[in-house]
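Worksheet for the structure shown next.
Residue numbers begin at 1 in each chain, while the letters A, B, ... track the order of the sequences. The structure presented is a predicted model; accordingly, all values stated were derived computationally and were not measured.
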Amino acid sequence: MANNQSWIRSHTCGDARRDDSGASVVLAGWVMNHRDLGGVIFIDLRDRYGITQVVFRPEENRELAERAARLRMESVVAVKGTVGLRPADMVRGDLATGEIEVVATDLELLNDCRELPFMIRDDNDASDETRLKYRYLDLRRPVMQKNILLRHRVSQTVRRYFDHQRFVEIETPMLMKSTPEGARDYLVPSRIHKGCFYALPQSPQTYKQLLMVAGFDRYFQIVKCFRDEDLRADRQPEFTQIDVEMSFIDEDGIIQVVEGLMAAVFREAAGIDLPVPFPRMGYDEALLRYGNDSPDIRYGMEIEPLNELVGRSGFKVFDDTVSGNGAVRGFTLEQCGPLSRKQVDDLTEYIRGFGAKGLVVIQMKEEGASSPILKFLQPGVAEALTDRFSMRPGDALFIVADRPAVTAAALGNLRRHLAAAFGRIPDGTFAPVWVLDFPLLDWDEAEQRYTAMHHPFTSPKPEDISRLATDPGSVRARAYDLVLNGSEVAGGSIRNYRRDVQQLLFSTLGIDAETAERKFGFLMRALEFGAPPHGGIAFGLDRLVTLIAGETSIREVIAFPKTTSAFSLMDESPSKVDEKQLDELGITILKTEE
RNA sequence: GGGGUCGUAGUUCAACCGGUUAGAGCACCGGCCUGUCACGCCGGAAGUUGCGGGUUCGAAUCCCGUCGACCCCGCCA
């Protein structure tokens, strides 16, 4: 056994250069690869800083070379040696350390590695299941190290930016009061108060508002949030927000601060210059032109309203939709060539998933428009449609006729689907856009009541407040979303800072005064003690980093993510706990059939 | 809660319409090889075909159930 002290590394595996030639070094790292040529042995030693080639020469030290030959992939070793220049024709241009190699004089196996479940390489194609079970190995892969380091740089840029802008980073409780609105809470039982529960925060919303009442003026926090809802590629049960709140501010003030933040993050973490200000779009316009409230403006294929063209087309589906206050809309995919019957059937099946009953496809061919519905159309209607979109041979027009919400959803999703399938989404471009003028409320069919579209503390537009009693659905919110490449990366609002307005909103949401007092009494009280006008926004940090990294799932930028069933394959949580722990909490588990 | 795709060696995949001993790459083990860099060559070991049931002379393959991973709808800002 060697004395530990003598094996402390002098350089990382990314340090040594031509200038270090002749220097004695100690390196430590993982055996990424070893090439035993029968005599000379090469080992690629890797750490998070880089890769250095180490050479063992049996003619110089037979015993050492024999030990090197026995090294397995991913064991951890320390190597003493001398930096040497590689022969000119052996220089590797693609490696920062490609001009040198370390000629080993001694080797210490710090820890062996058993047979690996997968190769530690960027192009490894291990399943998500295996990767998550051995996440610590997955994280050794250079691409994952890159993602985690990018996330670090984004976080550091955020902190630096806000600090310079005189924001205060304040931690808020992880154990808080469960509230009825919004997502399902993760609950934490209280041992001291038996039968009572804390909730993990869905967001620090109420706390940051109280910090405004406290006079902190400009607050931010990079904070974990928890929502017990079903998962998606862009949703984990715990995720990270960049949380922001400001006093004496309006929408433009928030937007300006956020645009500055985005520009700083992209410049410093990704080396990308994002032009400000970002374009802005109304909610209604987004829904009409892009089919959803998170428009991807990196490509065209914009949706057009067609009601006035097809109101008396002769095609019953169109005519009935128009006369029944429905929406007929469409968009074109240029130069896709002729679509097969099967392709059209598959696309029709796809939009049925969004509630649409059917899809009309009109294809422009050399000899003219072609579609099964042409025979039903009055003369001139087909030409009006193809003219509207300036269609050329090879283009296809997709039309949906349904209730406006269904038409929007079907075409919005179809637009994304086709853009991706036909490679119409440009790589490496970032197109931010603000979406404004959201409705304040959403009608919940299941519960037969209005719910807050953003959250119940969002302020209505002053000029719309009077309609809260008469026509709540038409009231607009002082809310704003920041959408990046079709993904919502931030959302916020100007809040209610007067108790009477907040009270009015609660009653519109069907929350009676007694319930409001029980659930939000602390906030209502605070609003009576000189609460300043305030508003804020929260970023989804995971989503933002995912986009910058060019990944498709937020799991790729989270060190230890969970599966779609909210299970951690590595440490196998959640798990059963001891009877004794439950007894202390006064909790009994209901028997379920085995 | 619903829909879709998938589950075969440590791992990534193959195995035709149900057919005889379930194959291959990488990893692992052994041998050869002195300038490789995903080194090369030769050999070896390695399988509860996720699990349970059914159909059949015969099931990785067909059917039912179940568990798990991923994507989507609902849900969630």
Original post:
Centroid-to-centroid, A:F42 to A:H34, below 6.0 Å?
Top reply: no
Original post:
Do we see a donor-acceptor contact under 3.5 Å between the side chains of A:Y207 and A:Q209?
Top reply: no
Subject >> Nearest-nucleotide comparison on RNA chain B, the residue closer to the 5′ end among A:F42 and A:N413 >> reply: A:F42
**OP:** Determine, for A:E74 against A:R140, whether the closest basic-nitrogen to carboxylate-oxygen distance falls under 4.0 angstrom.
**Re:** yes
Subject >> ring pair (Phe, Tyr, Trp, His ring centres under 6.0 Å) partners for A:F438, two or more places apart >> reply: A:Y283
Subject >> Under 3.5 Å donor-acceptor, A:R135 side chain and A:A559 backbone >> reply: yes
Subject >> Over 12 foreign heavy atoms within 6.0 Å of CZ, A:R62 >> reply: no
Original post:
Is the closest basic N to carboxylate O distance between A:R131 and A:E556 below 4.0 Å?
Top reply: yes
**OP:** Using a cut-off of 6.0 Å, state whether more than 12 heavy atoms not belonging to A:R403 lie near its atom CZ.
**Re:** no
Subject >> C1' spacing across the pair B:G23 / B:A45, given as an integer number of angstrom >> reply: 16 Å
Subject >> Heavy-atom donor-acceptor pair, A:R555 side-chain to B:C70 base, under 3.5 Å >> reply: no
**OP:** Check the surroundings of atom OH in A:Y198: do more than 12 heavy atoms from other residues, nucleotides or ligands lie under 6.0 Å from it?
**Re:** no
Using nucleotides 25-28 of chain B, report all nitrogen or oxygen pairs with the protein that are shorter than 3.5 Å.
from	atom 1	to	atom 2	distance (Å)
B:A27	N3	A:E115	OE2	2.7

Subject >> With sequence neighbours excluded, residues passing side chain to side chain contact (heavy atoms under 4.5 Å, CB included) with A:P117 >> reply: A:T130, A:Y134, A:L137
**OP:** Just do the side-chain hydrogen bond (donor to acceptor under 3.5 Å, both in side chains) check on A:R449 and A:T451 with the steps written out, would you?
**Re:** CA-CA 7 Å; A:R449 68 175 186 110; A:T451 57; over 6 Å; no
What's touching nucleotides 65-68 of chain B from the protein side, N or O pairs under 3.5 Å?
from	atom 1	to	atom 2	distance (Å)
B:G68	O2'	A:E129	OE2	2.9

Original post:
What does A:R70 touch in the nucleic acid at a heavy-atom separation under 4.0 angstrom: a base, only the sugar-phosphate, or nothing?
Top reply: nothing
Subject >> Minimal non-hydrogen separation, A:I494 against A:I254, with atom names >> reply: CD1-CG1, 4.4 Å
Subject >> P gap between B:U8 and B:C70, integer Å >> reply: 15 Å
**OP:** Please report, rounded to the nearest Å, how far the P atom of B:A77 is from the CH2 atom of A:W434.
**Re:** 19 Å
Subject >> 5'-most by nearest nucleotide on RNA chain B - A:A566 or A:G38 >> reply: A:G38
Subject >> Distance in angstrom units between A:E556 CD and B:C70 P, rounded >> reply: 11 Å
Original post:
Quantified in whole Å, what is the P atom distance between nucleotide B:A60 and nucleotide B:G53?
Top reply: 14 Å
**OP:** With P as the reference atom in both, quote the distance from B:C28 to B:A15 in angstrom, rounded to an integer.
**Re:** 27 Å
Write out a two-atom table: protein N or O, nucleotide N or O from nucleotides 74-76 of chain B, distance below 3.5 Å.
from	atom 1	to	atom 2	distance (Å)
B:G74	N7	A:R232	NH2	2.9
B:G74	O6	A:R232	NH1	3.0
B:G74	O6	A:R232	NH2	3.4
B:G74	N1	A:D230	OD2	2.6
B:G74	N2	A:D230	OD2	3.1
B:C75	O2'	A:E229	OE1	2.5
B:C75	O2	A:R235	NH2	3.2
B:C75	N3	A:R235	NH1	3.3
B:C75	N3	A:R235	NH2	2.8
B:C75	N4	A:R232	NH2	3.4
B:C75	N4	A:R235	NH1	3.3
B:C76	O2	A:R235	NE	3.4
B:C76	O2	A:R235	NH1	2.7
B:C76	N3	A:R235	NH1	3.2

Original post:
Can you tell me how far P in B:U21 sits from the matching atom in B:U66, rounded to whole Å?
Top reply: 33 Å
Subject >> Spacing between A:R121 atom CZ and B:C37 atom C1', to the nearest angstrom >> reply: 11 Å
**OP:** To the nearest Å, give me how far apart CD (A:E74) and C1' (B:U11) are.
**Re:** 14 Å
Subject >> Selection: residues 56-68 of chain A, any non-hydrogen atom under 4.0 Å of RNA chain B >> reply: A:R57, A:E59
Original post:
How close do A:Y136 and A:K133 get, heavy atom to heavy atom, and via which atoms?
Top reply: CE2-O, 4.3 Å
Original post:
Mind checking who B:U5 pairs with, Watson-Crick or G-U wobble, both distances under 3.5 Å?
Top reply: B:A69
Subject >> Length of the CE-P vector between A:M453 and B:A77, whole Å >> reply: 12 Å
Original post:
Given that both distances must come in under 3.5 Å, which nucleotide forms a Watson-Crick or G-U wobble pair with B:U49?
Top reply: none
Original post:
Separation of A:D542 atom CG from B:A77 atom P, in whole Å?
Top reply: 16 Å
Original post:
For A:E101, does its backbone N or O pair with a side-chain atom of A:R86 as donor and acceptor, under 3.5 Å?
Top reply: no
**OP:** Would you mind classifying the nucleic acid contact of A:D228 as base, sugar-phosphate or nothing, using non-hydrogen atoms under 4.0 angstrom?
**Re:** nothing
Subject >> Separation of B:G31 C1' from A:D36 CG (nearest whole Å) >> reply: 11 Å
**OP:** Please report, rounded to the nearest Å, how far the C1' atom of B:C72 is from the CG atom of A:D346.
**Re:** 15 Å
**OP:** Taking atom P in both B:G25 and B:A14, compute the distance separating them and give it to the nearest angstrom.
**Re:** 16 Å
Original post:
Across the strands shown, which category fits A:Q205 at heavy-atom distances under 4.0 angstrom: base, sugar-phosphate, nothing?
Top reply: nothing
Original post:
Is the distance from OP1 or OP2 of B:U36 to the nearest side-chain N or O of A:R35 less than 4.0 Å?
Top reply: no
**OP:** Ignoring backbone atoms, test whether A:S127 places a side-chain nitrogen or oxygen under 4.0 Å from the OP1 or OP2 oxygen of B:U12.
**Re:** yes
**OP:** Taking atom P in both B:G2 and B:U12, compute the distance separating them and give it to the nearest angstrom.
**Re:** 28 Å
Original post:
Below 4.0 angstrom from OP1 or OP2 of B:A38, is there any side-chain N or O of A:R92?
Top reply: yes
**OP:** Quote, to the nearest angstrom, the P distance that separates B:A77 from B:C17.
**Re:** 48 Å
**OP:** Could you check A:R151, A:R232, A:R555, A:K224 and say which one makes a salt bridge (Lys or Arg N to Asp or Glu O under 4.0 Å) with A:D542?
**Re:** A:R151
Subject >> Within 6.0 angstrom of A:R114 CZ, more than 12 heavy atoms from elsewhere >> reply: no
